[in-house]
Amino acid sequence: MTHIAVERNRRRLMNCHLATLRSLMPPSFVQRGDQASIVGGAIEFVKELEQHLLSLRAQKWLQASVSVSSRSDDNDKCSAPALHDGFFTSSQYMGYSQSQEEDATAVDVEATLVQGHVNLKVAAQRRRGQLVRAMAAMEELRLSILHLNITTLEPPSTLYYINLKMEEECKLETADEVATAVHQIFSYINTC
């Protein structure tokens, strides 16, 4: 009897949490009321919110850099905020932001890995065909692109936020290996 009561309470609590989660999301994210749909919709909603946050951070950075450049004169050495402010948490590679955007081959990369899903952040100088070539190279490594957000800034800088899924044939196993591979991809593309 105790086991039945514990299980009943667990299900009641789970249903309560799912109902709360569903009420926090716009209806377009949950088409059906089953548990898998609610959790799946919540994941998509959080990803969209994360993309919106990155976009707002990029706008804030752009406004701050315009504000700093309008206030500075020839004698003032005041600089714009760093490109990676608020975008990177703990990058595996930092070169682009530290090079003051002079080095066209430098790339900043951060990768986090959770259960076969990779959240990838890349900052680099904008180049023609860069994204298409990088996507093709990542797919050759058996990294399927699930979601992509691109933010372009001035000077010609680009921030990429990419959600990837590691396929079974993928030979990369850690976030550092993914970051190294992506850093090499973007560095090679930028030298061509």
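On a predicted model such as this, the values are computed, not experimentally measured, just so you know.
- Lys171 approaches Glu177 most closely through the heavy-atom pair O-OE1, 4.1 Å.
- Closest of all the heavy-atom pairs between Ala111 and Val178 is CB-CG1, 4.3 Å.
- The other members of the hydrophobic cluster of Leu49, by chain and number, are Met14, Leu18, Leu21, Met25, Phe29, Val30, Ile38, Val39, Ile43, Phe45 (side-chain heavy atoms under 4.5 Å, ILVMFWY only).
- Taking NZ from Lys165 and CG from Leu143, the interatomic distance works out to 11.0 Å, rounded to the nearest 0.5 Å.
- Tracing side-chain contacts under 4.5 Å through hydrophobic residues (I, L, V, M, F, W, Y), one never reaches Tyr188 starting from Val107; they form parts of separate clusters.
- By the salt bridge (Lys or Arg N to Asp or Glu O under 4.0 Å) test, Arg12 pairs with no residue at all, sequence neighbours left out.
- The backbone N or O of Arg126 lies less than 3.5 Å from no partner atom in the side chain of Gln130, so there is not a single donor-acceptor pair.
- For residues 17-28, the set of pairs meeting the side-chain hydrogen bond (donor to acceptor under 3.5 Å, both in side chains) definition, not counting sequence neighbours, is empty.
- With rounding to the nearest 0.5 angstrom, the CD atom of Glu139 is 6.0 Å from the CE atom of Met135.
- Applying the ring-ring contact (aromatic ring centres under 6.0 Å, His included) test to every pair with at least one member in residues 109-137, sequence neighbours left out, gives no pairs at all.
- For the pair Lys121 and Leu159, the minimum side-chain heavy-atom distance is 4.5 Å or more.
- Sorted by first and then second residue, the salt bridge (Lys or Arg N to Asp or Glu O under 4.0 Å) pairs involving residues 26-38 (not counting sequence neighbours) are Arg32-Asp34.
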Please evaluate residues Val109 and Phe186 with respect to the criterion side chain to side chain contact (heavy atoms under 4.5 Å, CB included), reporting the C-alpha separation (whole Å), side-chain torsions for both, the decisive distance (0.1 Å), and the verdict.
CA-CA 9 Å; Val109 178; Phe186 276 88; 5.7 Å; no
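- The two residues Asn190 and Arg127 come nearest to each other via the heavy atoms O-NH2, 3.0 Å.
- Across all non-hydrogen atoms, the minimal contact from Ile185 to Ala134 is CG2-CA, 3.8 Å.
- Applying the salt bridge (Lys or Arg N to Asp or Glu O under 4.0 Å) rule to Arg11 yields the partners Glu7; only residues at least two apart in sequence or on another chain are considered.
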Report the C-alpha distance between Asn163 and Val118 in whole Å, list the side-chain angles of each, state the deciding distance to 0.1 Å, and finish with yes or no for side chain to side chain contact (heavy atoms under 4.5 Å, CB included).
CA-CA 6 Å; Asn163 289 322; Val118 180; over 6 Å; no
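- Going from atom CZ of Arg128 over to atom CZ of Arg133 covers 12.5 Å, rounded to the nearest 0.5 Å.
- Closest heavy-atom contact between Ile145 and Ile162: CG2-CG2, 4.0 Å.
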Could you check Leu131 against Leu148 for side chain to side chain contact (heavy atoms under 4.5 Å, CB included), going step by step and ending with a plain yes or no?
CA-CA 10 Å; Leu131 181 61; Leu148 169 67; 3.6 Å; yes
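- The number of heavy-atom neighbours closer than 6.0 Å to CZ of Arg8, taken from other residues, nucleotides and ligands shown, is 12 or below.
- One distance of note links OH of Tyr161 with CG of Leu120; it measures 9.0 Å at 0.5 Å rounding.
- The neighbour count for Gln35 CD, taken as heavy atoms of other residues, nucleotides or ligands under 6.0 Å away, does not exceed 12.
- Distance check, rounded to the nearest 0.5 Å: CG of Leu172 to CG of Leu141 gives 5.5 Å.
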